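See structure below.
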There are 2 protein chains.
Amino acid sequence: MSMGITIQEASRKSGLSAHTLRYYERIGLIHEVDRGPNGHRTYAGADLDWLDFLTKLRATGMPIADMCRYAELRRQGPQTAAERRRMLEAHRERVRARIAQLTGDLGVLDYKIDFYNALESR
Amino acid sequence: MSMGITIQEASRKSGLSAHTLRYYERIGLIHEVDRGPNGHRTYAGADLDWLDFLTKLRATGMPIADMCRYAELRRQGPQTAAERRRMLEAHRERVRARIAQLTGDLGVLDYKIDFYNALESR
DNA sequence: GTGCTCCTTGGAGCGCGCTCTAAGTCAAGC
DNA sequence: GCTTGACTTAGAGCGCGCTCCAAGGAGCAC
């Protein structure tokens, strides 16, 4: 079944550069992508799903080091599920806090902008 | 009137390190802080207010380069008020977008965490 | 065979935002 | 006078997350 797609296609689908895909593999974020007969990487559907999730974690500001930790736990199998859940819960709290902080700072921006508007419309 | 406070006190009040305060001055984010007779910086109340605002912009992810641009406009006087307002409005949009994105990603985290919980409580 | 293109690797380089070092000045305390 | 400590400067260094480079190999077109 599916031979998997090339690194360029995986790059396009994941939004990560081919450079970054190789880098992620090098540091252990993605584990041992399959190779074609010529040694070229062939990404499977599961790899793309995993990349999507990684992208989500990155987008929410999780450091690469933490993502590596998570990836390693995942590789160790189901008995690490609880620890992975705890990692995600802790991260969720950080994201919530970040949203709260940004929302607060938005108020400062609103205030400043109103101030400029008052200046101009007078 | 107020001689201003030392760099250490300004550091404590602003939450920025003394190193960072000097750095911000070097790159033009803060303009020419007053000096005491011995050449030491003395920060005035206005400097601290400005630092607070800078900190807000940083916290919301504005790049240093943009902050420098804003600082320069501010130095040029009231005739740049409209451009500064436009900068802040554009930045506010980016912050709103960031909040929206984080909020969306939070949903993915919730979903994953629920999945782990379902695994465990079965 | 000669290009051309796409892939491979190890390792170097980069942009950002600090963060720290080295060497020197100055004022206060003993 | 000497030490201590906080300050000054120019400039080097660092951690993160990529991003790119050089050298080489495999497959296809001509």
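Quick note on labels: first sequence line is chain A, next is B, and so on, each numbered from 1. What you see below is based on every heavy atom in this structure, not just the backbone, and it leaves out hydrogens, waters and symmetry mates. A quick note: this is a predicted structure, and the numbers were derived from the prediction, not measured.
Using cut-offs of 30° and 60° for the angle between ring planes, the B/Tyr70 and B/Trp50 rings count as parallel.
Applying a 4.0 Å cut-off to non-hydrogen atoms, the residues of residues 61-73 of chain B that approach DNA chain C are B/Pro63, B/Ile64, listed by residue number. Residues from residues 5-14 of chain A placing a heavy atom under 4.0 Å of any atom in DNA chain C, listed by number, are A/Thr6, A/Ile7, A/Gln8. For the segment residues 17-38 of chain A, residues with any heavy atom less than 4.0 angstrom from an atom of DNA chain C are, sorted by number, A/Arg22, A/Arg26, A/Arg35.
Contact check for B/Arg98 versus A/Ile99: no side-chain heavy atoms found under the 4.5 Å cut-off. Side chains of B/Val95 and A/Asp105 form no contact here, defined as non-hydrogen atoms less than 4.5 Å apart. Taking the side chain as every heavy atom from C-beta outward, B/Ile5 and B/Lys13 approach each other to under 4.5 Å. Counting heavy atoms from C-beta outward, A/Leu106 and B/Thr60 have side chains that stay 4.5 Å or more apart. Counting only heavy atoms from C-beta outward, the side chains of A/Leu21 and A/Arg41 never approach each other to under 4.5 Å.
Within a 6.0 Å radius of NZ in A/Lys112, more than 12 heavy atoms belonging to other residues, nucleotides or ligands are found.
A salt bridge is absent between B/Arg75 and B/Glu32: the closest approach of a Lys/Arg side-chain nitrogen to an acidic carboxylate oxygen does not fall below 4.0 angstrom.
When the side-chain nitrogen and oxygen atoms of B/Arg41 are compared with OP1 and OP2 of D/dC7, none of them lie within a distance under 4.0 Å.
At least one donor-acceptor pair closer than 3.5 Å links the side chain of B/Thr6 to the backbone N or O of B/Glu9. Checked by atom type and distance alone, the side chain of B/Ser11 never pairs as donor or acceptor with a backbone atom of B/Ile7 at under 3.5 Å.
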